[in-house]
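Here's the structure we're looking at; comments come further down.
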Amino acid sequence: MSRVKIFNKKQPKPITVNDKEVWICQCGLSADFPFCNGTHHKIQDEPENELYQYDEKLNRKKVKIVEDN
Ligand code: FES
């Protein structure tokens, strides 16, 4: 079984755990997920309202959206 999860944020979210600030990945590409590892810098040029798929080497492919009527 496979699943697709869409992440639409481009920045991590800071949270505080035991008085220590940690950064939570919101782009979905971090190898240290759920923690940010800086990979989000690679997606900053993504245009809004477009969908991309990334493979494990972070190669990017635009996904064509087909609307079902
Ligand atoms: S927000 Fe995903 S790697 Fe930083």
Side-chain angles (χ1 to χ4, degrees):
M1 177 175 280
S2 299
R3 290 176 194 84
V4 174
K5 172 129 173 63
I6 296 173
F7 293 85
N8 60 5
K9 306 275 194 224
K10 292 183 174 181
Q11 300 291 327
K13 178 177 183 166
I15 64 169
T16 303
V17 178
N18 295 332
D19 297 325
K20 180 182 172 196
E21 187 175 62
V22 295
W23 294 81
I24 301 300
C25 174
Q26 295 191 111
C27 76
L29 297 175
S30 174
D32 298 326
F33 197 85
F35 304 105
C36 173
N37 70 351
T39 304
H40 62 270
H41 292 289
K42 296 183 177 187
I43 64 166
Q44 299 305 308
D45 63 338
E46 286 181 349
E48 298 297 324
N49 301 318
E50 291 191 358
L51 183 62
Y52 293 91
Q53 179 180 5
Y54 290 85
D55 65 18
E56 53 282 338
K57 293 183 179 178
L58 298 177
N59 295 308
R60 176 168 59 187
K61 183 168 72 175
K62 185 176 175 181
V63 175
K64 182 177 180 182
I65 300 173
V66 178
E67 298 204 16
D68 188 24
N69 291 326

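This one's a predicted model, so the numbers in the text were calculated from it and none came from an experiment. The chain is numbered in sequence order, starting from 1.
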- Are any non-hydrogen side-chain atoms of Gln26 and Phe7 less than 4.5 angstrom apart? no

- Message: According to side-chain hydrogen bond (donor to acceptor under 3.5 Å, both in side chains), who are the partners of Asn59, at least two apart in sequence or on a separate chain?
- Response: Asp55

- Mind checking side-chain hydrogen bond (donor to acceptor under 3.5 Å, both in side chains) for Asp45 and listing every partner two or more places apart, or none if nothing turns up? Arg60

Measure the spacing between [atom1] of [X] and [atom2] of [Y] and express it to the nearest 0.5 Å.
X     : Y     : atom1 : atom2 : answer
His41 : Leu29 : NE2   : CG    : 12.5 Å
Tyr52 : Glu46 : OH    : CD    : 6.5 Å
Gln53 : Lys64 : CD    : NZ    : 15.5 Å

- Are Leu58 and Ile43 joined in one hydrophobic group, where the rule is that I, L, V, M, F, W and Y side chains link up if heavy atoms are under 4.5 Å apart? yes

- Query: Do you reckon Val63 sits in the same ILVMFWY cluster as Ile6, going by side-chain contacts under 4.5 Å, direct or chained?
  - Reply: yes

- For Glu50, check salt bridge (charged side-chain N to carboxylate O under 4.0 Å, His left out) against everything at least two apart and list the hits. Lys62

- Note on the structure: The salt bridge (charged side-chain N to carboxylate O under 4.0 Å, His left out) partners of Lys10 (sequence neighbours excluded) come to Glu48

- Item | Co-members of the apolar cluster containing Ile15 [side chain, <4.5 Å] | Val17, Val22, Ile24, Phe35

- Task: Report the residues that fulfil side-chain contact (heavy atoms from CB on, under 4.5 Å) with Cys25, sequence neighbours left out, ordered by chain and then residue number.
- Result: Cys27, Ser30, Phe33

